[in-house]
Asker: 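Can you keep this structure in mind? I'll have questions shortly.
We name chains A, B, ... by the order of the sequence lines, and we start the count at 1 in each one.
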2 protein chains.
Amino acid sequence: MYICPMYTSELIKGTLKTIILNLLKNRDKMYGYEITQTVKEMTNGKIKITEGALYPTLHSLEKKGDIGFEKEYIGKRVRKYYSLTEQGQNTAQEKVNEFADFIETMKYLLDIDIKPSNA
Amino acid sequence: MYICPMYTSELIKGTLKTIILNLLKNRDKMYGYEITQTVKEMTNGKIKITEGALYPTLHSLEKKGDIGFEKEYIGKRVRKYYSLTEQGQNTAQEKVNEFADFIETMKYLLDIDIKPSNA
DNA sequence: CAAATATACATAAGAATCTTAGGTAAACAA
DNA sequence: TTGTTTACCTAAGATTCTTATGTATATTTG
């Protein structure tokens, strides 16, 4: 049985906010646990967001005004559904643009030739 | 006059070792200050490696056996020329491969369509 | 030639971001 | 009913960076 290797935590460091904001941009509203599961599934387990990293980041994004939330009860259990504020929409776009640019720079710096994406 | 914006330090975090090891793979031997200047030039100032980050990283890579150095005197001033060990050659390749894979994963996750590199 | 800038190394305090470990509690599967 | 999954949370510690500082030589500029 093949176990998909995770990336070293160094690499993922710094991309968490970008990932969260972009997911919320595409999906309108999500709750924390859903974010961790979605990222795990979309990356085949290569990126696993730990809860110890996720929740403080969500609280930080909320404090800065990029996201807001509303509680929803599933039986007696609570979910906090987060969504982008207007400011957050801009932040999300900026973050993604910056990362896309960063990728190009790093590709050049590391002399990586990227296989054309399955278009 | 247009000032090229630097990336937020979050993004660069975690890629420093990869950048250093890859440069040494392509250039055989380099000294610390040369690395900072080369990266700054190659990225048009978008990535600036600070000395406070560089030197501890070089020392760490040396302690782990990925790089070695020999001193060279330019007049009375010393340069420490670093180069990859055999182990470092492997580490360098692994780091670059991992980063290339990481880029692909992030492109998918962030739904970024990359313009074909100026080929 | 003096002063400022560039070269070249280094360390240390603090900030930011993560991992690891722990806690609470409800829902569901075995 | 016992374990796993869902769903939230915090805190200690590790890692990796920034910022500030130190030392010293070489070069450029006024």
Asker: To the nearest Å, give me how far apart CG (A:L11) and P (D:dC17) are.
Answerer: 11 Å
Asker: Just how far, in rounded Å, is P of D:dC17 from CD1 of B:I47?
Answerer: 12 Å
Asker: Report the distance from atom NZ of B:K13 to atom P of D:dA14, rounded to the nearest whole Å.
Answerer: 17 Å
Asker: Protein within reach of the bases, or only the backbone? For nucleotides 5-10 of chain C, mark each nucleotide 5' to 3' as B, S or -, using heavy atoms under 4.0 Å.
Answerer: --BSBB
Asker: Any side-chain N or O of B:K17 less than 4.0 Å from the OP1 or OP2 oxygen of D:dT16?
Answerer: yes
Asker: Check for me whether B:K80 meets the cation-pi criterion with B:Y31, that is, NZ or CZ under 6.0 Å from the six-membered ring centre and within 45 degrees of the ring axis.
Answerer: no
Asker: Round to a whole Å and report the spacing from CD1 of B:I19 to C1' of D:dC17.
Answerer: 13 Å
Asker: Kindly say whether B:K64 contributes a backbone atom to a donor-acceptor pair with the side chain of B:Q87 at under 3.5 angstrom?
Answerer: yes
Asker: Without decimals, in angstroms, what is the distance between A:Y73 OH and C:dA26 C1'?
Answerer: 13 Å
Asker: Passes side-chain contact (heavy atoms from CB on, under 4.5 Å), B:Y7 versus A:T105? Steps please.
Answerer: CA-CA 10 Å; B:Y7 301 120; A:T105 301; 2.4 Å; yes
Asker: Let me know, please, whether A:K76 or A:L16 comes out on the 5' side of the other along DNA chain C by nearest nucleotide.
Answerer: A:L16
Asker: For residues A:Y81 and A:F69, establish whether the separation of their ring centroids is below 6.0 Å.
Answerer: no
Asker: Between B:E34 and B:K29, what is the shortest heavy-atom contact and its length?
Answerer: OE1-O, 4.3 Å
Asker: Round to a whole Å and report the spacing from CD1 of A:I12 to C1' of C:dA16.
Answerer: 17 Å
Asker: Output, in order, the C-alpha distance, side-chain angles, deciding distance and verdict of side-chain contact (heavy atoms from CB on, under 4.5 Å) for B:V96 and A:D111.
Answerer: CA-CA 9 Å; B:V96 173; A:D111 195 26; over 6 Å; no
